[in-house]
Amino acid sequence: MEKWQEELKKEKLPRHVAIIMDGNGRWAQKKGLSRNKGHRQGVETLKKVVRTCGEMGISFLTVFAFSTENWDRPRNEVLFLMDLFHRTFKKEARELIANRVRVVFIGYRSGLSRDLQETMNNIEKDTRSCDGIQLNIALNYGGRQEIMEAARALVDRGDRDFSQEEFSGNLFSAPCPDVDLLIRPGGEMRLSNFLLWQSAYAELYFTPVLWPDFSETDLYQAVQDFQKRQRRFGGVGGE
Ligand code: FPP
């Protein structure tokens with residue numbers, strides 16, 4: 001067993017980890033490869049990270065695959081990413097079920113191709129009764145849009161006097177709990193419109209490691225760092 005694994009406190013694990021998978025393009029460019037090769041390697045990292053989070057006993061993992069702003073990338077890259085998502089979901093479905101991973105997609109499905117939507121619906125249906133880690137994949141997702149949509153839904157229903165819990169219940173991510181630990185590899189230190197409401201009290205962890213290089217040890221380090229933080233949720237702490 002690695003040193004990191006021994007040092008993790010099982011009773012203080014984050015329940016919900018969120019990751020902004022960043023740095024695929026730079027990883028590839030540094031190696032003189034096409035950006036697409038970086039995205040392909042990013043899929044391998046995600047597979048490893050899902051497995052490790054499951055082994056650690058984390059209940060929810062949400063990853064940012066494609067934002068509502070990512071459509072502004074060159075057309076070829078967008079097409080490649082959509083195709084890569086589609087192929088990956090089809091290819092990994094059996095493995096996900098075997099590992100009891102429940103997959104849920106968050107974001108605007110209507111902007112995606114019919115084929116991709118169908119594959120997403122099938123994988124959600126086929127993993128619905130899986131009782132291991134829940135993997136939320138944010139695809140065509142934007143945090144502000146999600147918040148506006150929830151507000152609109154409540155107001156349309158004539159509900160103007162709602163609680164924070166009711167509001168949360170109308171987000172794409174419902175009924176998933178708030179984010180405990182948000183990890184962003186790739187060196188940038190911003191949220192980029194990811195899970196804005198759900199991360200209100202999240203502990204943030206930034207690392208310059210590019211996503212394709214993000215290892216099991218990097219994940220353990222992030223969780224270990226989380227376990228050293230004192231969470232106060234606006235109070236004075238003293239747990
Ligand atoms: C960021 O790298 C990554 C993305 C735009 C998301 C794509 C993620 C993957 C392919 C990982 C696997 C995901 C799934 C759901 C199978 P970047 O292009 O922004 O990198 P850069 O900042 O170096 O340009």
Side-chain angles (χ1 to χ4, degrees), residues 17-54 60-97 99 101-109 111-113 115-124 127 133-143 172-173 182-195 206-216 218-219:
V17 174
I19 306 184
I20 301 176
M21 307 181 286
D22 193 18
N24 293 348
R26 278 166 287 158
W27 179 89
Q29 274 157 352
K30 262 178 38 186
K31 291 187 162 347
L33 303 168
S34 71
R35 293 178 54 84
N36 293 348
K37 289 255 164 55
H39 294 314
R40 236 187 243 145
Q41 197 56 40
V43 175
E44 297 309 313
T45 302
L46 178 59
K47 286 182 352 199
K48 232 172 29 194
V49 164
V50 173
R51 198 174 310 122
T52 312
C53 284
F60 301 91
L61 171 67
T62 305
V63 295
F64 209 175
F66 196 87
S67 75
T68 42
E69 290 73 37
N70 283 152
W71 297 105
D72 295 336
R73 293 192 173 208
R75 190 177 143 74
N76 274 346
E77 185 169 341
V78 170
L79 288 176
F80 178 85
L81 280 170
M82 292 300 151
D83 186 55
L84 180 66
F85 295 147
H86 199 180
R87 277 185 291 127
T88 304
F89 301 152
K90 279 193 151 165
K91 192 162 149 244
E92 301 301 328
R94 213 181 304 159
E95 184 79 8
L96 288 162
I97 297 167
N99 287 292
V101 179
R102 178 174 183 188
V103 180
V104 172
F105 291 96
I106 61 170
Y108 291 95
R109 295 176 198 224
L112 306 169
S113 79
D115 280 0
L116 180 55
Q117 284 188 50
E118 199 184 308
T119 302
M120 288 160 61
N121 292 338
N122 287 339
I123 202 166
E124 279 186 335
T127 62
I133 189 170
Q134 176 168 322
L135 171 65
N136 300 319
I137 303 178
L139 224 172
N140 199 18
Y141 171 88
F172 289 137
S173 59
L182 187 140
I183 303 174
R184 181 166 191 156
E188 311 288 358
M189 296 191 210
R190 52 178 172 253
L191 295 181
S192 299
N193 206 16
F194 188 44
L195 302 176
F206 300 103
T207 165
V209 174
L210 303 172
W211 178 246
D213 284 331
F214 191 84
S215 66
E216 236 179 29
D218 292 313
L219 181 67

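Note that the structure is predicted; figures quoted are calculated from it, not measured. Counting convention: from 1, in listed order, for ligands and their atoms alike.
Checking only distances, Arg73 does come within under 3.5 Å of ligand 1, N or O to N or O. Considering backbone and side-chain N/O atoms, Trp211 never comes within less than 3.5 Å of an N/O atom of ligand 1. For a threshold of 3.5 Å applied to N or O pairs, the pair formed by Leu84 and ligand 1 contains no separation below that value. Polar contact with ligand 1: present for Asn24 (N/O pair, distance under 3.5 Å).
For the side chain to side chain contact (heavy atoms under 4.5 Å, CB included) criterion with Leu61, the lone passing option out of Val101, Asn136, Ile19 is Ile19. Partner of Asn24 under the side-chain hydrogen bond (donor to acceptor under 3.5 Å, both in side chains) criterion, out of His39, Gln41, Lys37, Arg40: His39 alone.
Here Glu77 pairs with Arg35 in a salt bridge; the nearest charged N to carboxylate O distance falls below 4.0 Å. Note on Arg109 versus Glu124: salt bridge recorded, some NZ/NE/NH1/NH2 to OD/OE distance being below 4.0 Å.
For atom 14 (C) of ligand 1, the nearest non-hydrogen atom of the protein is Leu46 CD2, 3.6 Å. Here the heavy atom of the protein found nearest to atom 3 (C) of ligand 1 is Met21 O, 3.1 Å. Counting only heavy atoms of the protein, atom 10 (C) of ligand 1 lies nearest to His39 O, 3.4 Å. Protein heavy atom at the shortest distance from atom 15 (C) of ligand 1 is Ala65 CB, 3.7 Å.
Residues Asp218 and Ser215 have side chains that bring a donor and an acceptor to within less than 3.5 angstrom of each other. Between the side chains of Thr207 and Arg184, no donor-acceptor pair of N or O atoms lies under 3.5 Å.
Within the 4.0 Å heavy-atom shell around ligand 1 one does not find Glu188. Put simply, part of Gly23 is less than 4.0 Å from ligand 1, judged by heavy atoms.
Under the 30°/60° scheme for interplanar angles, the aromatic rings of Tyr108 and Phe172 are found to stand perpendicular.
With rounding to the nearest 0.5 Å, the separation of CG in Asn36 from CG in Leu81 is 7.0 Å.
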Phe89 and Met120: CA distance, side-chain angles, deciding distance, side-chain contact (heavy atoms from CB on, under 4.5 Å) verdict
CA-CA 7 Å; Phe89 301 152; Met120 288 160 61; 4.2 Å; yes
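Every atom of ligand 1 with a heavy atom of Val43 under 4.0 Å away is listed here by number and element: 11 (C), 12 (C). Contact atoms of ligand 1 toward Arg26: 21 (P), 22 (O), 23 (O) (distance under 4.0 Å to a heavy atom of the residue).
Contacts between Gln29 and ligand 1 below 4.0 angstrom, taking non-hydrogen atoms only, are absent altogether.
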